[in-house]
Amino acid sequence: MLRSFALLKYKLSEEAELVLLEERHTSELYAVTSSNPAYLRRWLPWLDSTVTPWDTRAFIQRGLRLLADNEGFNCGLWYQSRLAGVVGLHSLSSANRHVSIGYWLAEQAQGKGLMTSACRVMVNHAFKVLALNRVEIRCAVDNVRSCAIPIRLGFKHEGVIRQAEWLYDHFVDHNVYGMLAHE
Ligand SMILES: CC(C)(COP(=O)(O)OP(=O)(O)OC[C@H]1O[C@@H](n2cnc3c(N)ncnc32)[C@H](O)[C@@H]1OP(=O)(O)O)[C@@H](O)C(=O)NCCC(=O)NCCS
């Protein structure tokens, strides 16, 4: 039973909503990522391999496969009817009842609390709909805006993974933040 299908749409506010990313969103999503690659490239590793709309479609298809396999999914975040970012659940382990959250926002959509409220919805979905026990967020230690999100949501800082991610030409260390169902 794919309980994840319960999430097709989540309203965040009068102006913002999360919607499962489907192939019909390809050109809109490609337009957002290709409009400001330098900004996203600073902290995300996939910009150099996202050069055509087909790459974006492949990303969306991978998200739908995750959903079909009950291993996560990706949602678009629409703000004022425009796609403003992506938030997803990944690395879902049914055996360990654990999942990770990943996210990004278009530069001009920052500073409004959109991703914090999207992550709050994802955390509730993980605990209440998927009945998981642990939600994790990892952020590069110098990615201050990203680290602020789990801190704002009350996650615990659990440690640092050294050289956790290769970003084009250098490694970055990751802060690990976790929240448990009983918290
Ligand atoms: C990480 C990222 C999503 C953070 O974006 P953000 O806009 O700072 O996060 P939020 O949408 O939660 O907004 C929080 C900001 O809105 C403000 N805000 C306004 N209303 C708010 C509300 N109701 N609730 C919470 N914050 C609110 C907060 O004060 C904060 O602004 P500040 O940092 O100037 O104090 C964004 O910087 C990004 O996508 N960066 C590039 C990709 C990336 O780093 N991804 C993460 C990889 S781990």
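For this chain, numbers begin at 1 and follow the sequence in order. We count ligands from 1, going down the list as the structure has it; atoms in each ligand are counted the same way.
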**Asked** Got an N/O contact under 3.5 Å between C139 and ligand 1?
**Response** no
**Prompt:** Which residue holds the protein heavy atom closest to atom 12 (O) of ligand 1, what is that atom called, and what is the gap in Å?
**Reply:** T116 OG1, 2.4 Å
**Request:** Provide, to 0.1 Å, the distance between atom 9 (O) of ligand 1 and the closest protein heavy atom, together with that atom's residue and name.
**Result:** I149 CD1, 3.9 Å
**Asked** Do T116 and R152 get their side chains close enough for a donor-acceptor pair, meaning under 3.5 Å?
**Response** yes
**Donor-acceptor side-chain pairing of H182 and N133 below 3.5 angstrom** = no
**ligand 1 N/O within reach of W43 N/O, cut-off under 3.5 Å** = no
**Asked** Parallel, tilted or perpendicular for Y177 and H157, by the 30°/60° rule?
**Response** tilted
**Prompt:** Does R138, backbone or side chain, put an N or O under 3.5 Å from an N or O of ligand 1?
**Reply:** no
**Prompt:** In the protein, what heavy atom is nearest to atom 21 (C) of ligand 1, and what distance, to one decimal place, separates them?
**Reply:** G113 CA, 3.6 Å
**ligand 1 atoms in contact with Y39 (distance to a heavy atom under 4.0 Å)** = 36 (C), 37 (O), 38 (C), 39 (O), 40 (N), 41 (C)
**Request:** Indicate the ring-plane relationship of W104 and W46, choosing parallel, tilted or perpendicular according to the 30° and 60° boundaries.
**Result:** tilted
**Item:** Those residues that, when tested against H174, pass ring-ring contact (aromatic ring centres under 6.0 Å, His included) (two or more places apart)
**Value:** none
**Request:** Ignoring angles and geometry beyond distance, decide whether S146 reaches within less than 3.5 Å of ligand 1 through its nitrogen or oxygen atoms.
**Result:** no
**Item:** Shared hydrophobic cluster, W54 / F59 (ILVMFWY, side-chain heavy atoms < 4.5 Å)
**Value:** no
**Asked** In ligand 1, which numbered atoms sit nearer than 4.0 Å to a non-hydrogen atom of W104?
**Response** 39 (O), 42 (C)
**Asked** Are Y79 and M122 linked, directly or through other ILVMFWY residues, by side chains that come within less than 4.5 angstrom of each other?
**Response** yes
**Asked** Where is the nearest protein heavy atom to atom 23 (N) of ligand 1: which residue, which atom, and how far?
**Response** K112 O, 4.5 Å
**side-chain contact (heavy atoms from CB on, under 4.5 Å) assessment of M115 paired with V87** = CA-CA 8 Å; M115 196 49 76; V87 59; 4.0 Å; yes
**Message:** Could you list the cluster mates of Y30? Members are the ILVMFWY residues connected by side-chain heavy atoms closer than 4.5 Å, either directly or through other members.
**Reply:** none
**Close approach of E107 to ligand 1, heavy atoms, under 4.0 angstrom** = no
**Asked** Hey, are E71 and R65 close enough for a salt bridge, meaning a charged N less than 4.0 Å from a carboxylate O?
**Response** no
**Message:** For the 3.5 Å polar cut-off, considering only N or O atoms, please tell me whether A109 and ligand 1 meet it.
**Reply:** no
**Message:** Considering non-hydrogen atoms of the protein only, which is the closest contact for atom 45 (N) of ligand 1, and what is the distance?
**Reply:** Y103 O, 2.9 Å
**Asked** Given R152, R145, Q110, which has its nearest heavy atom closest to atom 14 (C) of ligand 1?
**Response** R152
**Item:** Option whose closest heavy atom lies nearest to atom 43 (C) of ligand 1, chosen from V144, L77, N143
**Value:** N143
**Message:** Among all the protein's non-hydrogen atoms, which is closest to atom 39 (O) of ligand 1, and how far away is it?
**Reply:** L105 N, 2.7 Å
**Asked** Are any of the N or O atoms of L44 closer than 3.5 Å to those of ligand 1?
**Response** no
**Request:** Starting from atom 11 (O) of ligand 1, find the nearest protein heavy-atom neighbour and note its residue, name and distance.
**Result:** M115 N, 2.7 Å
**Request:** Can you pull out the closest protein heavy atom to atom 17 (C) of ligand 1? Residue, atom name and distance to 0.1 Å, please.
**Result:** G111 O, 3.5 Å
**Asked** Between the side chains of E165 and W43, is a donor N or O closer than 3.5 angstrom to an acceptor N or O?
**Response** no
**Prompt:** Hey, does A140 come in under 3.5 Å of ligand 1, counting only N/O atoms on both sides?
**Reply:** no
**Asked** Does E158 pair with R134 as a salt bridge, N-O distance under 4.0 Å?
**Response** yes
**CD (E14) with more than 12 external heavy atoms under 6.0 Å** = no
**Prompt:** So, does A148 sit close enough to ligand 1 that a heavy atom of it is under 4.0 Å from the ligand?
**Reply:** no
